[in-house]
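These notes are about the structure you will find just below.
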There are 2 protein chains.
Amino acid sequence: MPKDTFYNLAEEKRMKIYGAALDEFSNHPFKQASVNRIVKNAGIAKGSFYQYFKDKKDLYKYLIDEIYKKKITYLTPTMKNPFDMNFFDLLRDIYASGLKFAKDNPQLAKIGYHMLRDSGQEVFNEVIDEKKGEGIQIYKQILELGIKRGDIRSDINLDMSAYFLFQLGNSLSNDFIEFFDTGEEKQVFNLVEGMIEMLKSGIGKK
Amino acid sequence: MPKDTFYNLAEEKRMKIYGAALDEFSNHPFKQASVNRIVKNAGIAKGSFYQYFKDKKDLYKYLIDEIYKKKITYLTPTMKNPFDMNFFDLLRDIYASGLKFAKDNPQLAKIGYHMLRDSGQEVFNEVIDEKKGEGIQIYKQILELGIKRGDIRSDINLDMSAYFLFQLGNSLSNDFIEFFDTGEEKQVFNLVEGMIEMLKSGIGKK
DNA sequence: CTACCTTGTGACCGCCAAGTCATTTTATAG
DNA sequence: CTATAAAATGACTTGGCGGTCACAAGGTAG
């Protein structure tokens, strides 16, 4: 929801602002993110910022949207036909895609990280809580699907399990980023495998 | 590390300040926590606050310390002899004690939650990062112990597994608090059981 | 009653934040 | 070249923050 003036900007200038915004919001939660720093790093005047965006939240929503769009591109085609897949294979693919996204776009991933943490807080939730709710909802749906398919037990607590899978996925993407730097990438992906194995034996049909 | 003037305060007044501080720090991360709000809610003058504490960080460290002390009281005697216990039994007890702590002291738990999230950020880590490091270290130790005892496979990545167990424990205590309100307490504790079962099959010796 | 010391106080300082706006600069069109 | 519209600017307003300090109030001892 930036204004037209923003989209009309020359590519280079627009990207510089975008980059500065990523820098800021990936290193600070919303409330602590500073428009002053963004404009300084983007090399534009404070007033210009408000020609492009209604306010700080406006820019933030825009970024969240971009993240969302980008993240979706990481879902493989097979994932879009969840009916044909075994629950655990599907889950593994989802987690792996999240990890890959975080690896390729560490800044975007960090913004997502802060986003989820800001979620509980404040009045400002509108956008965020919605996105979070959607995320949990998706896991709930694939759990239901898994039950119908007979992949997993039917006596599990749906809400709690969905919440758990959601947290686990985010933990993988956000918290295990540190291990990418240390060249333990393969092990992180192995972790996903191990995790799926665990889940299988834990809530899989015996 | 509050000043003597704080400890000399009448019980009632001291507790009112303590309560106001808990309120503030359980609802805001450190940077966003406001001394102004604390003094207003505690019914004391701004200047008085600085008679009791050197600065905001001083109060915060004090709270962290209190949390730490309180949390330790939740560890059962058996847990203090980890050598005699099976790794998974030990882990279950640790998680369960953390959950019980969070249930009995939701405000303290929330402060801990914010603490861990603040950890990555800023210069201010000194105290926090130390506590976090200690936590991970403990899991690493019990993992090593578990390997020696033959409870778990020896080919796991120690650092990553320790990190994972740490995150999982915190996730249980902090994120699943919401399910306590909805009367799903038993299910949360069942979740711990299930989780342990999962881990057992996942990294347990076959 | 006085002198002294501890504790309590809130106006005040400097800083940084988000957002505004009168003015200037630049681009466009006739 | 001129007139008009669009975009860029940074000084400014308002407000909250952490922290200070000169002073007032209260307690205690001689």
Side-chain angles (χ1 to χ4, degrees), chain A residues 1-18 20-21 23-64 114 118 121-124 126-127, chain B residues 1-18 20-21 23-25 27-64 114 118 121-124 126-128:
Chain A
M1 312 118 179
K3 305 177 184 175
D4 288 339
T5 45
F6 178 69
Y7 292 111
N8 294 337
L9 250 33
E11 171 87 3
E12 192 186 1
K13 189 170 182 179
R14 211 176 63 246
M15 290 314 283
K16 196 166 179 193
I17 295 170
Y18 182 74
D23 259 347
E24 187 65 18
F25 283 104
S26 62
N27 287 313
H28 305 274
F30 179 79
K31 268 222 178 171
Q32 281 161 40
S34 157
V35 173
N36 288 322
R37 276 193 298 255
I38 293 175
V39 297
K40 197 195 283 178
N41 291 330
I44 62 171
K46 183 84 166 280
S48 298
F49 179 92
Y50 288 92
Q51 301 266 18
Y52 309 145
F53 308 97
K54 183 176 159 284
D55 52 25
K56 188 167 81 161
K57 190 150 55 175
D58 189 33
L59 165 59
Y60 188 63
K61 284 186 194 169
Y62 169 68
L63 292 184
I64 300 292
H114 283 128
D118 281 343
Q121 248 179 283
E122 316 290 327
V123 203
F124 143 78
E126 315 139 29
V127 210
Chain B
M1 312 104 186
K3 305 178 185 175
D4 287 338
T5 46
F6 178 69
Y7 292 111
N8 293 337
L9 248 34
E11 172 87 3
E12 194 187 359
K13 187 170 183 178
R14 210 175 63 244
M15 290 315 283
K16 198 167 176 190
I17 296 171
Y18 183 73
D23 260 347
E24 187 64 18
F25 282 105
N27 287 312
H28 305 274
F30 178 79
K31 267 222 178 170
Q32 281 162 40
S34 157
V35 173
N36 288 321
R37 276 193 298 256
I38 293 175
V39 298
K40 196 195 285 179
N41 291 329
I44 61 172
K46 184 84 166 281
S48 298
F49 180 92
Y50 289 92
Q51 300 267 17
Y52 309 144
F53 306 97
K54 183 175 160 282
D55 51 26
K56 187 165 82 158
K57 190 149 59 172
D58 188 32
L59 165 60
Y60 188 63
K61 283 187 194 168
Y62 169 67
L63 292 183
I64 300 293
H114 283 127
D118 282 343
Q121 249 178 286
E122 317 293 325
V123 202
F124 144 79
E126 315 140 27
V127 210
I128 296 190

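Everything quoted here is computed from the prediction, not taken from an experiment. Residue numbering restarts at 1 for every chain, and letters A, B, ... go by the order of the sequence lines.
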### A/Lys31 NZ to D/dG16 C1', straight-line distance once rounded to whole Å
11 Å
### Side-chain N,O (B/Arg37) to OP1/OP2 (D/dC17) below 4.0 Å
yes
### Task
Check every atom of D/dG19, D/dT9, C/dT7 against the side chain of A/Ile44 and return the nucleotide holding the closest atom.
D/dT9
### Query
According to a strict under-4.0 Å criterion, is A/Ser34 in side-chain N/O contact with OP1 or OP2 of C/dA17?
yes
### Message
What contact category does A/Tyr52 fall into here, base, sugar-phosphate, or nothing, at under 4.0 angstrom with non-hydrogen atoms?
### Response
sugar-phosphate
### Message
I need the A/Asn41 CG to A/Asp23 CG distance, nearest 0.5 Å.
### Response
6.5 Å
## Note on the structure
By nearest-heavy-atom nucleotide on DNA chain C, the more 5' of A/Lys54 and B/Phe49 is B/Phe49
### Query
Does A/Lys3 use its side chain to pair, donor to acceptor, with the backbone of A/Tyr50 at less than 3.5 Å?
yes
### Task
Please determine, for the side chain of B/Lys56, which listed nucleotide (D/dG18, D/dT9, C/dA17) has the closest atom?
D/dG18
### Message
With hydrogens left out and only the distance checked, is there a donor-acceptor pair under 3.5 Å joining A/Gln51's side chain and the base of D/dA8?
### Response
yes
### Summary
Between CG of B/Asp58 and P of D/dG18 the distance, given in whole Å, is 14 Å
### Message
What is the distance, to the nearest angstrom, from the NZ atom on A/Lys3 to the P atom on D/dA8?
### Response
12 Å
### Message
What I want to check is whether an N or O donor and acceptor connect the side chain of A/Lys46 with the base of C/dA18 at under 3.5 Å.
### Response
yes
### Summary
When rounded to whole Å, the CD1 to C1' distance for the pair A/Ile17 and D/dA7 reads 12 Å
### Task
Figure out the CZ/P separation between A/Phe6 and D/dA8, and round it to whole Å.
12 Å
### Aromatic plane relationship, B/Tyr62 with B/Tyr18 - under 30° parallel, 30 to 60° tilted, over 60° perpendicular
perpendicular
### Message
Restricting to non-hydrogen atoms, name the atom on B/Asn36 and the atom on B/Val39 that form the minimum distance, rounded to 0.1 Å.
### Response
O-CG2, 3.1 Å
### Options C/dT7, D/dA7, D/dG18, nucleotide nearest the side-chain atoms of B/Asn8
C/dT7
### Message
What is the separation between atom CZ on B/Phe53 and atom C1' on C/dG8, rounded to the nearest whole Å?
### Response
15 Å
### Query
Can you tell me how far P of D/dC17 sits from CD of B/Glu24, to the nearest Å?
8 Å
### Query
With a non-hydrogen cut-off below 4.0 angstrom, is B/Lys13 in contact with a base, only sugar-phosphate, or nothing?
sugar-phosphate
### Query
Is any side-chain nitrogen or oxygen of B/Asn36 closer than 4.0 Å to OP1 or OP2 of D/dC17?
yes
### Task
Could you point out which residue of A/Arg37, A/Lys40, A/Lys56 forms a salt bridge (Lys or Arg N to Asp or Glu O under 4.0 Å) with A/Glu24?
A/Arg37
### Query
C/dG19 C1' sits how many Å from A/Tyr60 OH, rounded?
20 Å
### Query
Where the side chain of A/Ser48 is concerned, which of D/dT9, D/dA7, C/dT7 is the nearest nucleotide?
D/dT9
